[in-house]
Student: 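Okay, here's the structure, questions in a sec.
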Amino acid sequence: MGKYALSGIRALDLGQVWAGPLLGSMLADHGAEVIKVLTASRTWGAMMKGASPLNGGEDEVRSFQTYDRNKYGLSLNLRTEAGRDLFLRLAAKSDIVLENFHPDVMPRLGLGYDALSRANPRIIMASLSASGATPGPWRDLVTYGPSLAALYGLKSLLGYHDSGRLLEDTADLDPTAAAHAFLALLAALEYRERSGRGQFIDMGQGEAALCRIGEAIMDYTMNGRVWGPQGNRYAGFAPHGVYRAAGDDRWVSIAVGSDDEWRAFVEAIGAPQWARDPRFADGYGRATHQDELDARVESWTRERDPWEITRLLQARGVAAFPVLGSPGILVDPNDEALRQNVRIDPSLEGRIQASQMLSGVPWKHSKTPAALFRPAPALGQHNDYVLGDILGLSAAEIARLADEGVVA
Amino acid sequence: MADAALAGLRVVEWGDFIAPSYCGKLLADLGAEVVKVELPGRGDRARRQGPFPNDDPHPEKSGLFLYLNSNKLGVTLDPATPSGRTLFLDLVRWADVLVENHLPSWLEEQQLDYAALEPVNPRLVMASITPFGYDTPYRDFRGYALNATAGSGIAWRIGDPDRAPVWLPLCAADYQGGVHAACAAMAAVAARRLTGEGQHTWVAEVELMGSVLGGSQLARYLYQGHEVTRAGNRMRQFYPWQVMPCADGYFEIITMVDSQWASFIDLMGNPDWKDDERLANRWLAWQWADDIDAYWAPWLKERTKAELWQAFRERHISFQPVHTTAEVVESDQLRERGYFVEIGHPDAGTFRYPGAPYRFSETPWAIRRPAPRLGEHNALVFGEWLGRSAGDLVALARAGVI
């Protein structure tokens, strides 16, 4: 015992789609006992189908769902009186309940924080809704991560700065919310250590994501200025861009953040005449003439391989790195460890390894490293463990619950 | 009156720019006592970043710095000087958590890496944020958020097919580095309760972007052979999933639910094209997205954000307007939630700042003090806490150590 950071913590995971399951997996990777509660009618959902390591039948999709690795599976119909009662009994023996439904769902099931805390005053409940649990005009909007990113302004910054046209992405709403929620849960555990009391954490996922565009918010509140699409630019850095390199659709990122770095860059590229132009000598000049600067930089990069550019600039301490796609990442020519870890291997072990690398929590701990304990559970795979070992129900009682559709 | 969740937790933040500052802010806003260490005379890069009130640059008035450093104490100290090192090691003895973002090789040269600090304070949790991690061939590469995003696979999927890949703007990778380092540090604090020992924990921005933000991108390639590439204003996974212009702005058009898509069609008056067989399976329809868009894009383009939003809301359709930052800050939603917080600062004045990413029922998130001026708390931290005399402090300041 005590080998993992969260050994001894038990969490009930009602997460759906992405943010909730990801949060549960962060706890599970560090040794918490995370029990995924699902019913046959409410499975993992189609959203992350593409994330399934196996693109096989529905069972395989469920079994190998990346974000439910390391968890135990309990199938429980929370719409039945007995199902709700069992959930409350389980909550009495747990530390954390997490969910990312609309904020009315849990109270309507009779499983709101009030009910949970009556069952267990030490319970910590994290509720990750789109716009928070308290009243507000956006509270009931139907959203996905990308539409929530639109609603909270993040999307208005994503596009080419010259054309003003906006671009699409999966958006960082869900994973950003999950990470902030993990921090909130651990802070609440710290408080519980001192006070013995649990609490309710109300997260509006859009609000958590808004925390990461501070500069844009502050320029509005300070100066009334509204930022449009940013392209690859960022104030105070020039050059700061993604430049075409030699070859078909190959690119390299270069970021210069100071006059010292600029001088190193100029040296690295052989100090051509244009680079010694006094207009580019300081940050103000480079920012003022950034279009011309970018064209000049690209005239140099487009003759060269992105890795060659990277090595040349890094040797002088200039920040540069190729733009990599999935194949580039998975066959990184310099990374022996990566090539060893990613095996398309028919064995279960190979698949788990790859799924950890691909969608893991990349926090390294020198003494209590996260680990993969087991693949994602099949529906109800651990009913006997959860209901029998944890709650003390007999095999006959569990069988009766299954007959009645409570465990289903 | 309940205390703050992390009351009593002692944090030293020694780094530069967004990632360590955001990590420190998250912990400070939850009640930890965070001492921010800045270089004497120079300070954090964010002090020079702005935005500044009235665009008037001033190291105590940078909006980014003020936002990222609320609730902290500020000291100036150069741990790479001999006298600075002594003071720094005293701070390390005091701390539960050290947050930093220096290059691993430089820390080793300075003998300020975890191997050197562990004997000084065996209970120390050291949380490191670097662009490329400790255990990759690129551990000592320089990198800003742009470069980490480029290497992660994220930029590869954003942009037009024939134009440059685009990063997630405003140093998203640094904010991810900050929040994940805070998570990793708190996991190590929890582990310390079980083991009695501190440890080193680190996050690589390139891995955070690639694996956590990447979602299913790498898995789809590895297991299905489907490479996610740039597709301009849409993602090619199901249809519709795209950002589209309307008369006076943009709308995010996305749904996975058939009934919402049917409601949208119904709203447009059930045009004949609804029976186009390419729409039968919306998991495949993205292949013909240009053709299908042409059916309804003009309808959207003729209507304003406000009228579309009204219509979509009435029908519970998940399409949402792309709000500007002004529309977000001035929204009734965030006013009713009380999201933005007013913070007064003696030099910069009083402005609204982004508020809490979460709400606690027992241990409220709170702003207790504005960001520190450069070296504001030298006397308190070095003098009162670490026991240096007033004369020492003057001598250290004169020598440029603090």
Side-chain angles (χ1 to χ4, degrees), chain A residues 2 5 50-51 53 55 136-138 142 144 146-147 150-151 153 155-157 166 168-169 172 175 179-180 182-184 186-187 191 199-200 202-203 208 211-222 226 230 242 253 255 314 319 321 323 325-326 329 334 358 362-368, chain B residues 5 30 51 53 63-64 67 137 141-144 146-147 150-151 156 158 164-165 169 175 179 182-184 186-187 190-191 194 199-202 207 212-213 216 218-221 223-224 227 233-234 243 252 254 318 320 322-326 328 332-333 336 351-352 357-359 361-363:
Chain A
N55 192 26
W138 299 357
V142 184
Y144 296 94
S147 45
L151 205 56
K155 271 268 150 76
S156 70
L157 304 169
L166 298 189
E168 188 56 81
D169 186 44
D172 47 345
H180 283 84
F182 181 93
L183 177 62
L186 262 71
Y191 173 72
Q199 58 179 316
F200 178 61
D202 166 23
M203 169 183 280
C211 289
R212 80 146 185 85
I213 57 168
E215 312 89 307
I217 299 294
M218 296 310 298
D219 206 13
Y220 176 73
T221 63
M222 285 180 157
V226 174
Q230 300 293 302
V242 170
S253 65
Q314 289 287 351
F321 204 79
V323 177
S326 301
I329 289 168
N334 303 307
L358 297 175
W363 314 335
K364 306 303 190 314
H365 284 81
S366 62
K367 294 180 186 167
T368 58
Chain B
L30 290 171
L64 182 64
Y67 164 58
F141 272 18
R142 302 271 179 157
Y144 291 106
L146 175 74
N147 313 101
W156 189 254
I158 306 175
Y175 284 93
V179 64
C183 290
M186 290 310 301
L194 302 175
Q199 61 179 314
H200 188 204
T201 179
W202 63 92
E207 289 181 20
V212 185
L213 268 69
S216 61
L218 279 174
R220 289 176 73 199
Y221 176 73
Y223 294 102
Q224 298 168 5
E227 192 191 353
N233 68 327
R234 68 171 64 94
V243 58
E252 177 71 22
I254 179 172
S318 57
Q320 305 296 344
V322 177
H323 280 143
T324 64
T325 49
V328 172
D332 290 340
Q333 169 68 25
E336 285 185 35
F351 294 102
R352 284 176 291 174
Y358 23 57
R359 279 137 203 260
S361 61
E362 295 287 316
T363 53

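In what follows, every chain begins at residue 1, and chains take the letters A, B, ... in the order their sequences are listed. Just so it is clear, the values below take in all heavy atoms, side chains as well, and ignore hydrogens, waters and symmetry mates.
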Student: Let's test your reading of the structure: which of A164(B), G63(B), G143(B) forms the most heavy-atom pairs below 4.5 Å with chain A?
Tutor: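 It is A164(B).
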
Student: Distance from E252(B) atom CD to E168(A) atom CD, nearest 0.5 Å?
Tutor: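 CD of E168(A) is found 4.0 Å from CD of E252(B).
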
Student: Find the one option among A182(B), A184(B), P53(B) whose heavy-atom pairs under 4.5 Å with chain A are most numerous.
Tutor: A184(B)

Student: For the residue pair S156(A) and H323(B), establish whether any side-chain heavy-atom pair is separated by less than 4.5 Å.
Tutor: no

Student: Under a 4.5 Å heavy-atom cut-off, does chain A meet the side chain of L146(B), its backbone, both or neither?
Tutor: both

Student: Measure across Y144(A) and S318(B) and return the closest heavy-atom pair with its distance rounded to 0.1 Å.
Tutor: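 Residues Y144(A) and S318(B), closest heavy atoms: CE1-OG, 3.3 Å.
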
Student: Does R234(B) have more than 12 heavy atoms from other residues, nucleotides or ligands lying within 6.0 Å of its CZ?
Tutor: yes

Student: Does the plane of the ring in Y358(B) sit parallel, tilted or perpendicular to the ring in H180(A)? Use 30° and 60° as the thresholds.
Tutor: tilted

Student: Which answer fits F200(A), side chain, backbone, both or neither, if we ask what part of it has an atom under 4.5 Å from a heavy atom of chain B?
Tutor: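 Both the backbone and the side chain of F200(A) come within 4.5 Å of chain B.
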
Student: Between atom CD1 of I158(B) and atom CG of D169(A), what is the distance when rounded to the nearest 0.5 Å?
Tutor: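 If I round to the nearest 0.5 Å, the distance is 3.5 Å.
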
Student: I need the residue from Q199(A), M218(A), M203(A) with the largest number of non-hydrogen atom pairs under 4.5 Å to chain B.
Tutor: Q199(A)

Student: Heavy atoms only: give me the nearest P169(B)-L157(A) pair and the separation to one decimal.
Tutor: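 It is CG-O, 3.5 Å.
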
Student: Write down the atom of F351(B), the atom of T221(A), and the distance for their closest heavy-atom approach.
Tutor: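 Minimum heavy-atom separation between F351(B) and T221(A): CD2-O, 3.5 Å.
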
Student: Who among C211(A), G153(A), A179(A), P175(A) has the most heavy-atom pairs with chain B under 4.5 Å?
Tutor: C211(A)

Student: How close do N233(B) and L166(A) get, heavy atom to heavy atom, and via which atoms?
Tutor: CB-O, 4.0 Å

Student: Quick one: CZ on R352(B) to OH on Y220(A), what's the gap to the nearest 0.5 Å?
Tutor: 6.0 Å

Student: Which one, A216(A), A184(A), P137(A), A187(A), leads in non-hydrogen pairs under 4.5 Å with chain B?
Tutor: P137(A)

Student: In Å, rounded to the nearest 0.5 Å, how long is the span from CG of L64(B) to CD1 of I217(A)?
Tutor: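 It comes to 12.5 Å.
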
Student: Pick one of side chain, backbone, both or neither for Q314(A), based on which atoms fall under 4.5 Å of a heavy atom in chain B.
Tutor: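 Contact with chain B is through the side chain of Q314(A) alone.
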
Student: Working to the nearest 0.5 Å, report the span between CD of Q320(B) and CH2 of W138(A).
Tutor: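 Reported to 0.5 Å precision, the distance equals 9.0 Å.
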
Student: Is it the side chain or the backbone of F141(B) that comes within 4.5 Å of chain A heavy atoms, both, or neither?
Tutor: both

Student: Between D219(A) and T325(B), does the side chain to side chain contact (heavy atoms under 4.5 Å, CB included) criterion hold? Intermediate values first, please.
Tutor: CA-CA 10 Å; D219(A) 206 13; T325(B) 49; over 6 Å; no

Student: Looking at Y144(B) and A319(A), what are the two nearest heavy atoms and their distance?
Tutor: CD1-CB, 3.7 Å

Student: Could you grab the distance from atom OG1 of T368(A) to atom CD of Q199(B), nearest 0.5 Å is fine?
Tutor: 3.5 Å

Student: Tell me the closest heavy-atom pair linking A150(B) and S253(A), and the distance in Å.
Tutor: CB-OG, 3.4 Å

Student: Please look at V179(B) and chain A and tell me whether the side chain, the backbone, both or neither of the residue comes under 4.5 angstrom of a heavy atom of that chain.
Tutor: side chain

